[in-house]
Amino acid sequence: MPRPRKIIVPKYLSDDQVASLEGKWIDESYMKHPVIDYNCDVYYIDDNGNEVLLLKFRKNSFTNQLLRTGWKSYKDLAKPSRGRGASAGPIDTTSIYWKKRNIVNTNKWSTGYLTPTGNKMKDDLMDLTIIQLQDKIKDLNIKVNDIDINYKDSLIYLIIKKQNGFSKMKVNNQVASNPIGYYEATKNFADLPCRLTHFTRTNYQKYKEGLPFIQQINNMFSKLIPDSYNKQLERANQKPHLKIPGTCFSTITINRNFRTALHKDAGDFKGGFGNLTVIERGKYHGGYTILPQFGVAVDVRSGDFLAMDVHQWHSNTPIIETKEDRLYNEKLDPVYNDNPEVGTVGLDKKYTRLTFVCYLREKISNCPNQIDKRYLEASDHKKIV
DNA sequence: GCACAGGAGGGCCACTCCTT
DNA sequence: AAGGAGTGGCCCTCCTGTGC
């Protein structure tokens, strides 16, 4: 195998410029270099003029047998989620998912919505005349500006808001993406301890069966970037009961047909690298992993390995089905039976692009050394304990 | 440089409806 | 009756911006 190519890139966008693109779609126009689809190490020049490793990419890093293992074990584990933040992209008000709902307080990639009670209020208020609505506004002591007072819609929403018909929670576009493996304590909704995530526990067999695939991701990381690997392994070994066996990872994010908008990964070990691979079925083009600040993009395909600094802004270019791709994909035996009416982004497609991002969650190291065993083992489909 | 306020983030599960 | 799938609510903590 030829020596991997080395590329050194400047920052084409300032930190502020790239940050302002958070949550936005990034396309191939941000590429300043031809797409990387060969073995390659990319370094960037930081603000002090130092060469810093940005990514290492290696083609065909998995045997077909391991890819089959990964596919079989994990193809169904990319559960739809409304909480992926900026990476889920701007709220697409025309999408199947949002057209079914009444959304409010929409801002960039997150939005509120009318609760079922709010929807009911809306139906009832629609029947009123503007005069009746204005009276209601006065009765309820709602402040209203000179413009809104003349618009039925505005008045209706003001009344619903006043009567608590807005969701308290904000959500993002629904995409097929969720964490598998271990998670630190969460004290917001429920008081959950450090644990194996519930979805991992209810799919425990599949999770276990796929581990040889995950361990190969680990091995690639170890081989390519030994310094960072050892740092991360040492950190992971502080909580051996909360790491994926035979790896330096706590957690894997599994995505299906998920084109991410611009984001930085949150929650992972600051000194670590994100380790990424893809398993695909059917045909598509694009979906490059792009770092727009540095003008580079990588075409990560089935069985390729990418280690990258996920604390830099990154995204995916559009995933395209050409006419030929579509004809081919139409003839594939279906392996999923998703209901496209639900509107989870990407699940209407016949091709499959599974991505695996393996990392160590930063706060795992704050977890206690003793954890109730029930949070760390297989579960039936009932309550968490 | 600090205190404070306000907003954003977010995994799990109860509930409903439907299928077997 | 038991399950799967879809839907939407739970509310604390962290982060960021602002004003002193």
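Numbered from 1 within each chain, the chains take letters A, B, ... in sequence-line order. Hydrogens, waters and symmetry mates play no part in the numbers below; they use all other heavy atoms, side chains included.
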Margin query: Looking only at the side chain of A:W109 (C-beta and beyond, no hydrogens), which of the listed nucleotides C:dT7, B:dG9, C:dC14 gets closest?
Written below: B:dG9

Note to self: How many whole angstroms separate atom NZ of A:K264 from atom P of B:dG9?
What the structure shows: 14 Å

Check: Please give, in whole Å, the distance from C:dT7 P to A:L114 CG?
Finding: 16 Å

Margin query: If you assign A:K79 and A:A86 each to the DNA chain B nucleotide with the nearest heavy atom, which residue ends up on the more 5' nucleotide?
Written below: A:A86

Next item on the list: On DNA chain C, check which nucleotide each of A:P116 and A:N337 is closest to and give me the residue with the more 5' one.
Entry: A:N337

Item checked: N-O pairing of A:K122 and A:D124 below 4.0 Å -> no

Checklist line | Spacing between A:F199 atom CZ and B:dC13 atom P, to the nearest angstrom | finding: 13 Å

Check: Which of the following nucleotides, B:dC12, C:dC14, B:dA8, is nearest to the side chain of A:R82?
Finding: B:dC12

Next item on the list: Just call it for A:S81: base, sugar-phosphate, or nothing, with non-hydrogen atoms closer than 4.0 Å on any strand.
Entry: nothing

Note to self: What is the distance, to the nearest angstrom, from the CG atom on A:L192 to the C1' atom on B:dC13?
What the structure shows: 10 Å

Next item on the list: Compare side-chain N and O positions of A:Y113 against OP1 and OP2 of C:dG8 and report whether any pair is under 4.0 Å apart.
Entry: no

Next item on the list: Would you mind checking if A:E280 and A:R353 are paired as a salt bridge, meaning a charged N to carboxylate O distance below 4.0 Å?
Entry: no

Notebook entry, point to check: Is any NZ, NE, NH1 or NH2 atom of the basic residue among A:K6 and A:D41 found under 4.0 Å from an Asp or Glu carboxylate oxygen of the other?
Noted result: no

Next item on the list: Can you tell me the distance, in whole Å, between the NE2 atom of A:H198 and the C1' atom of B:dG10?
Entry: 16 Å

Next item on the list: Assess the pair A:F213 and A:F356: is the distance between their ring centroids shorter than 6.0 Å?
Entry: yes

Notebook entry, point to check: Do the charged groups of A:D37 and A:K59 touch, with an N to O distance under 4.0 Å?
Noted result: no

Note to self: Applying a 4.0 Å non-hydrogen cut-off, can you work out what A:N178 is touching in the nucleic acid: base, sugar-phosphate, or nothing?
What the structure shows: nothing

Next item on the list: Specify the separation, in whole Å, of atom CD1 of A:I103 and atom P of C:dG8.
Entry: 13 Å

Next item on the list: Find the distance A:M169:CE to B:dA14:C1' and express it as a whole number of Å.
Entry: 14 Å

Next item on the list: Report which part of the nucleic acid A:T186 touches: base, sugar-phosphate, or nothing (heavy-atom distance under 4.0 Å, all strands).
Entry: nothing

Checklist line | Residue whose closest nucleotide on DNA chain B lies nearer the 5' end, A:R84 versus A:N107 | finding: A:N107

Check: Between atom OH in A:Y336 and atom P in C:dG4, what is the gap in whole Å?
Finding: 18 Å

Next item on the list: Name the nucleic acid region contacted by A:K108, choosing base, sugar-phosphate or nothing; use a 4.0 angstrom heavy-atom cut-off, strictly under.
Entry: nothing

Checklist line | Upstream residue (5' side of DNA chain C) when A:Y97 and A:K168 are each assigned their closest nucleotide | finding: A:Y97

